[in-house]
Amino acid sequence: MASKDVRVTEVVPEFTGQDRSTISGRAALQARLAAIINSSDDGIVSKDLNGVVQSWNDAAERIFGYRADEIVGRSITILIPPDRQHEEAMILARVRRGERIDHFQTVRQRKDGRLLPVSVTISPVHDGDGRVVAASKIIRDLSATSELEGRFQAIIESSDDAIVSKDLNGVVRSWNPGAERIFGYTAAEMIGRPIEVIFPPDRKDEEPRILERLRRGERVDHFETVRVRKDGTPIDVSVTISPVRGPAGEVVGASKIARDVTAYKQLLRQREELLESEQHARREAERVGRVKDEFLATLSHELRTPLNAILGWAQILRRAAAEVGGELAEGLEVIERNTRLQTQLIDDLLDMSRITAGKLRLDVQQVDLGDVVKAAVASVRHSADAKGIRLQAVLDPLAGPVRGDPS
């Protein structure tokens with residue numbers, strides 16, 4: 001069929017002003033439409049019902065490499081690879097029935113022989129009587145999209161996480177190598193089967209709730225749960241599930257990213273066990289400390305009881321022996337002094353907890369070291385005399401007092 005493009009080449013004198021205005025308006029409209037068609041990034045082509053090309057825009061030249069003068073008047077099959085020639089007969093049959101073909105993804109061939117993935121939308125063109133007389137085609141080059149999809153696919157294939165898609169009935173539609181490694185099922189074993197295959201029996205109720213949220217367009221983030229491998233081993237997973245939408249924005253399925261967090265969970269459990277063990281050890285240490293304190297308190301009491309009696313009787317005897325004098329008085333003084341010293345040592349036992357904590361209570365005062373030495377010698381003199389040992393204290397008379405704890 002010949003092109004219906006209208007071009008005004010002259011103004012006919014007998015036309016009225018209104019006629020000339022109508023023709024001029026149509027020409028302006030056609031000019032605008034031509035500009036739109038030629039500025040489109042998509043190929044816009046028309047052909048007759050025999051598949052012969054009638055128009056060819058600039059984008060079609062860029063996509064396929066043919067100039068308009070090289071392809072207009074030739075069959076559109078020049079663009080179709082040999083193994084897809086049957087598609088043209090199917091397309092023309094549907095166009096003759098007045099049908100529109102939307103987003104038909106196929107492969108076409110450039111002038112240089114390179115194959116291109118394309119998306120084609122074909123609409124029937126009607127004449128004034130409503131008869132189908134031709135077809136218009138919008139052709140989109142999917143090379144860049146396919147390259148991007150290839151990159152995405154490479155990312156999915158190399159991911160350590162399981163990346164899975166399913167429909168709104170929970171049936172698996174895709175299953176990457178990460179999912180095979182984590183769950184033990186191959187893609188062939190899982191695609192077409194319900195995702196609940198990997199659910200433990202006590203968690204089957206999770207899937208209906210997840211699907212209900214997806215149907216509402218909600219996303220499920222970092223949901224921690226348990227799934228089961230093919231060999232029956234339960235594993236801890238963190239799952240993020242997103243709704244997948246169709247061209248009209250409706251939810252048509254879901255994509256899932258599942259991460260195996262078994263090792264992480266095991267570390268957390270070990271940490272909790274260590275923390276519990278440490279807390280138990282601390283409680284036990286506190287209990288032992290309380291037992292020790294109770295023991296020291298009891299020991300102090302039991303040791304003080306006889307010492308109190310010794311000290312009391314030593315004081316009575318010393319008063320009675322004051323008139324006699326000599327060694328008896330001196331001996332009683334030594335007994336009294338050492339009894340007091342022993343009592344002080346018992347008191348120091350109660351400070352054991354302070355010593356172990358690095359805190360020692362000292363009674364610091366002015367101390368005459370001569371008195372300290374004389375007291376120490378006196379406490380052992382009788383034992384030395386019994387063994388034939390002579391003790392002699394040699395003290396510096398010029399030595400002054402020092403600050404310290406005399407005990």
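Both backbone and side-chain heavy atoms feed into the values below; hydrogens, waters and symmetry mates do not.
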- Query: Should Glu212 and Arg216 count as an ion pair when the cut-off is N to O under 4.0 Å?
  - Reply: yes
- Item | Which residues share a side chain to side chain donor-acceptor pair (under 3.5 Å) with Arg74, sequence neighbours left out | none
- Note on the structure: Across all chains, not counting sequence neighbours, the side chain to side chain donor-acceptor pair (under 3.5 Å) partners of Glu70 are Lys111
- Task: Indicate the ring-plane relationship of Phe64 and Trp56, choosing parallel, tilted or perpendicular according to the 30° and 60° boundaries.
- Result: tilted
- Query: Got a donor-acceptor contact below 3.5 angstrom from the Asp42 side chain to the Ile138 backbone?
  - Reply: no
Extract all donor-acceptor atom pairs below 3.5 Å that involve side chains of residues 194-203 and protein atoms in other chains or at least two apart in sequence.
from: Arg203; atom 1: NH1; to: Glu206; atom 2: OE2; distance (Å): 3.0
from: Arg203; atom 1: NH1; to: Thr225; atom 2: OG1; distance (Å): 3.1

- Say you draw a straight line from CZ of Arg100 to OG of Ser123; how long is it, rounded to the nearest 0.5 Å? 3.5 Å
- Message: Taking side chain to side chain donor-acceptor pair (under 3.5 Å) as the definition, give me every residue that meets it alongside Glu284, ordered by chain and number, with sequence neighbours left out.
- Response: Arg287
- Working to the nearest 0.5 Å, report the span between OG1 of Thr186 and CD of Glu180. 5.5 Å
In residues 161-169, what donor-acceptor pairs under 3.5 Å come from side-chain atoms, sequence neighbours left out?
from: Asp161; atom 1: OD1; to: Arg259; atom 2: NE; distance (Å): 3.0
from: Asp161; atom 1: OD2; to: Arg259; atom 2: NE; distance (Å): 3.3
from: Asp161; atom 1: OD2; to: Arg259; atom 2: NH2; distance (Å): 2.8
from: Ser165; atom 1: OG; to: Ser174; atom 2: N; distance (Å): 3.2
from: Ser165; atom 1: OG; to: Ser174; atom 2: OG; distance (Å): 2.5
from: Lys166; atom 1: NZ; to: Glu207; atom 2: OE1; distance (Å): 3.1
from: Lys166; atom 1: NZ; to: Glu207; atom 2: OE2; distance (Å): 2.7
from: Asp167; atom 1: OD1; to: Asn169; atom 2: N; distance (Å): 2.8
from: Asp167; atom 1: OD1; to: Gly170; atom 2: N; distance (Å): 3.1
from: Asp167; atom 1: OD1; to: Val171; atom 2: N; distance (Å): 2.9
from: Asp167; atom 1: OD2; to: Arg173; atom 2: NH2; distance (Å): 2.8

- Task: Output yes when a side-chain donor or acceptor of Gln105 lies under 3.5 Å from a complementary backbone atom of Pro117, and no otherwise.
- Result: no
- Message: Test of understanding: with salt bridge (Lys or Arg N to Asp or Glu O under 4.0 Å), list the residues that count as partners of Arg283, not counting sequence neighbours.
- Response: Glu276
- Task: May I ask you to decide if Thr262's main-chain N or O and Asp260's side chain share a donor-acceptor pair within less than 3.5 Å?
- Result: yes
- Query: What's the verdict on salt bridge (charged side-chain N to carboxylate O under 4.0 Å, His left out) for Arg282 and Glu278, showing C-alpha distance, side-chain angles and the deciding distance?
  - Reply: CA-CA 6 Å; Arg282 181 179 299 176; Glu278 187 273 335; 2.7 Å; yes
